[in-house]
J.: 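The following block contains the structure, expressed as structure tokens.
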Amino acid sequence: MTLLRLIVQRLLLGVAILFVVSALIFIGTEILPGDVAQAILGQGATPELLENVRIRLGLHDPAPVRYFRWLGNLLSGNLGTSMVSGADIGQLLGERISNTVMLASATALIAVPLAILLGLLSAIKPNSMTDRAISAVSLSLISLPDFLIAIVLVMVFAVKLGWLPAIANLRPGQDFFTVARMLVLPVTVLVFTVLAHMVRMTRTAVINVLSSPATEMAILKGVPRWRLLLVHALPNALAPIANVVALNLAYLISGIVVVETLFNISGLGRLMVESVTTRDIPVVQVCAIIFCAVYVLLNLLADIVAIVSNPRLRYPK
Amino acid sequence: MATEKDLINALHSRQISRREFMFRMAALGASAATATSLLSSPAYAKEPQKGGKITVGVEAMQAKDSLDPTSYFSTANIMMGFTVYDSLVNRGPDLQPIPWLAESWEVGADASEWVFSLRKDVLWHDGKPFTADDVIYSCGRHMAEGSESPAKGYMSQIAEMSKDGDHVVKFKLSAPNADFPIVLSDTRVQISQNGYEDFVNTTIGTGPFKVKEWIAGTRYIFERNDNYWGSDGPWVDEIEVVGIGDITARVNALLSGDINVMLELDPKAVSLIERNKKVDLIRSPSGAFVNLAMMLDREPTNNADFREAMKYAVNREQIVKNVFKGYGSIGNDHPISPTDPYFCGDIEQRMYDPDKARFHIKKAGLENTPIDLYASDVPGAGSLAACQVVQQSAAAAGINLNLIQPPADTYWSAVWIQKPMVVSGWDMRPVPDLMFSIAFKGDSDWNETKFSDKKFDSLLLEARSTVDFDKRKGMYCEMQQILQDDGGHVTLAFRDILDAKAKNVHGISSHPSGPLGFYQFARTVWIES
């Protein structure tokens, strides 16, 4: 019952947050110098041409009018059209969402189990050689900028060895093997960038649980080491791990512009950055709302995992 | 002077005949045996082959890419336009107009009436025949009320269009213009089908390729038009255009074979291409240039001595050598390049002279005073680095330049023609008239220096109705001198257009007006299997 109430409460709050975010993004793009007419025309702009574009796009209306017009359309289920290309935003998003989700889920499928495994290995014997090696490698990987890792990997595996393609030219209808080959390098770079954060969090959370009186009791009882780790420690450490996994997943959906650019993947992050440069406000707004929704939902999911995994939270006093 | 490699490239792309190749190799000092052995190597002996797929790497795929000829904004976009459309008049490597969809034209008495006869064997991709209505419709879209086309300015000289049967179009101009056919070879004046308006997901053209898939910013695929009217191509089955934003990633994609043609190479990356045996550089000397634009209507650049000081404070040779890696040539503070038949050789070349520069900056009272120079790579690769070289060479003359790097996305709207001194860049225009009227005529919207000179403007109009070449060249020469003396341009360099391709790709010519054979490589390119 509490769980259901929490979900409803958080979803309602989430919707409120989406409104606030959309208003903030709108104000933000209004503050930026230049407008979509100047972005479309570039060096070719003349006062007359600018005027023609502004009239066509209704840019002369005051900002609040434009905001609420957009909001009204959205509420009636109309995502609108791109000011720059005139294309339907729903269509613009379709393939990009699937590319981004594919990239993010491939990365998550590898990174999350790997991070938890490495975190547990580290936690078994803190400060052992294994622990230090895992920490050193994962921290070095997160310290190297992703574009550097990407370029080095491409130089070695695509240019010198010729094993893998240098760009991921994704399109619908490709077979699994082709897609997998193209995704190897970008997914590797992404795994490297998100791994350390999750490894460290797992390690810390598990070590915390392992030093609790309950664990000592279990050791005294003679519980085997693997059982102690998997059945006693891990479930209790699940809440913080779920949180950091959620944050990293949200990052994978919204923040991988560099990898998308370097490997030429048409994804959501790039769409948003590009739309900001062209001041294509309707597209920016929709992207922002999607990213915000992803954060809200993943955080909610992390909280649900925390509650389900912890009976004390399920039955509050 | 062309090098052996240039000649081989030219032969490769059929710009020069085998005979001319032998002759010019001999001029370079190569023995006849060497030249003959090069000629008989398989690549030159072969005829173009059908089939294969070209993947072109370009700088960006963006939502604003369009198949509407009135909305092209980037080099890659123009190139895709030429893949599906034809223009009425094309432009040769010598910058002369050549018949294209129009097979011939005649000029009336005073160059204000033009009659174009159209080809009768041209079909649209949907099978309809191409007629005069299509031409009138396409040209009209640029001039229409509410048009957003950057070509509106010069297309508006057309006062009236009419057809005489299905294959003759008459243009009446508002004033004489001896260059009118070359205006119609402009990259935006491509011919689309009469009545066609919705360019969002596809289009119909007469060009060498049909649209197979077009999703703005995501994917561009074209397939061969087997009913193309021309005879030299198209050869390849499919052309795909992919945008790879990062220059290193783009070069890597070429080296790894993921793309086999690359549009516009940054001079910085030339050495990567030259070191690799699997790829070739395509070099086209061009009239495209990078310049400083100093505005004549505001402080401090309205001071003639300051401008003079700047013109002497720029080390042009160093910019060409270090920034453009030798792929360019020095300028002389007017927009006409030595490749142009109207280039005036009599004007003395201005050289780097710190003493003269110091004399003028002192006279202007601005010695060691910090002066803002807005620098960016937006006008073209290398322009920021060129400004950094200027900063160094000017410092030696007591000119203290403060380099400001503004955000790229509002460079054209918030910096250009707003700030007194900025770096700018121009593509080559086919005739001096277009360059002069766009960038220097007193009332032009793109007059970036706010240059205004009665003598200059009247010479410009006079030259338009002068058909005699020598007389006209005399006028243009005088105009170049006026700009060199009093104008607000410091020409930093004329830059070569650089593209790259895989070794087994042939049939891409070099052209001074634009990359990849004036954007039209799609028609002639072929792959050796």
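The model shown is predicted, which means the values in this text are computed figures rather than measured ones. Below, chain A is the first sequence line, B the second, and so on; all start at residue 1.
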J.: Can you tell me which portion of B:N201 sits under 4.5 Å from chain A's heavy atoms? Options are side chain, backbone, both or neither.
T.: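 The side chain, not the backbone.
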
J.: Given that the side chain runs from C-beta out, which part of A:L32 has a heavy atom under 4.5 Å from chain B: side chain, backbone, both or neither?
T.: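 For A:L32, no heavy atom lies under 4.5 Å from chain B.
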
J.: What parts of residues 443-450 of chain B touch chain A if we use heavy atoms and a cut-off under 4.5 Å?
T.: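 Residues of residues 443-450 of chain B touching chain A at under 4.5 Å: B:D445, B:W446.
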
J.: Assess, by modelled atom type and distance only, whether the side chains of B:T218 and A:R96 contain a donor and an acceptor separated by less than 3.5 Å.
T.: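 Yes.
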
J.: State, yes or no, whether a side-chain contact exists between A:N264 and B:M61 at a heavy-atom distance under 4.5 Å.
T.: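 Yes, at least one pair of side-chain atoms sits under 4.5 Å.
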
J.: Using a 4.5 angstrom heavy-atom cutoff, name the option from B:S413, B:P407, B:S71, B:A249 with the most pairs to chain A.
T.: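 Most heavy-atom pairs within the cutoff with chain A belong to B:S413.
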
J.: Hey, which of B:S424, B:S149, B:S66 has the most heavy atom pairs under 4.5 Å with chain A?
T.: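 Looking at each option in turn, the highest pair count goes to B:S149.
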
J.: Please determine if A:R54 and B:E148 form a salt bridge, counting it only when a charged side-chain N lies under 4.0 Å from a carboxylate O.
T.: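 Here A:R54 does not pair with B:E148 in a salt bridge, since their nearest N and O are not under 4.0 Å apart.
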
J.: Quick check on B:I259 against chain A: is it the side chain, the backbone, both or neither that has a heavy atom closer than 4.5 Å?
T.: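 The side chain, not the backbone.
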
J.: Where on B:A414 is there a heavy atom nearer than 4.5 Å to chain A: the side chain, the backbone, both, or neither?
T.: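 Contact with chain A is absent: no heavy atom of B:A414 under 4.5 Å.
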
J.: For the residue pair B:K152 and A:E48, establish whether any side-chain heavy-atom pair is separated by less than 4.5 Å.
T.: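 Touching, per the 4.5 Å side-chain cut-off.
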
J.: Can you establish whether the number of heavy atoms outside B:K53 located under 6.0 Å from its atom NZ is more than 12?
T.: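 Counting other residues, nucleotides and ligands, NZ of B:K53 exceeds 12 neighbours.
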
J.: Please classify the contact between A:Q91 and chain B as side chain, backbone, both or neither, with a heavy-atom cut-off of under 4.5 Å.
T.: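 For A:Q91, side-chain heavy atoms alone lie under 4.5 Å from chain B.
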
J.: How long is the gap from OG on B:S256 to CD1 on A:I167, to the nearest 0.5 Å?
T.: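 Spacing of OG (B:S256) from CD1 (A:I167) equals 7.5 Å.
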
J.: Within a 6.0 Å radius of atom OH on B:Y196, are there more than 12 heavy atoms belonging to other residues, nucleotides or ligands?
T.: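 Counting other residues, nucleotides and ligands, OH of B:Y196 exceeds 12 neighbours.
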
J.: Determine, step by step, whether A:E95 and B:R219 satisfy the salt bridge (Lys or Arg N to Asp or Glu O under 4.0 Å) criterion, reporting the C-alpha distance in whole Å, the side-chain angles of both residues, the deciding distance to 0.1 Å, and the verdict.
T.: CA-CA 11 Å; A:E95 205 175 303; B:R219 189 160 42 251; 2.8 Å; yes

J.: Kindly compute the distance separating CD1 (B:I244) from CZ (A:F263), expressed to the nearest 0.5 Å.
T.: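 So the CD1 of B:I244 and the CZ of A:F263 are separated by 11.5 Å.
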
J.: So if I take each residue of residues 271-281 of chain A and look for any heavy atom under 4.5 Å from a heavy atom in chain B, which residues do I end up with?
T.: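 From residues 271-281 of chain A, the residues near chain B are A:E274, A:T277, A:T278, A:R279.
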
J.: Within this structure, what is the CG-NZ distance for the pair B:N252 and A:K160, rounded to the nearest 0.5 Å?
T.: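 So the CG of B:N252 and the NZ of A:K160 are separated by 9.0 Å.
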
J.: Tell me, for B:L67 versus chain A, whether the close heavy atoms (under 4.5 Å) come from the side chain, the backbone, both or neither.
T.: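 It is neither, since no heavy atom gets under 4.5 Å.
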
J.: Please examine the side chains of A:N169 and B:D258, heavy atoms only from C-beta on, and report whether any two atoms are closer than 4.5 Å.
T.: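 No, too far: nothing below the 4.5 Å cut-off.
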
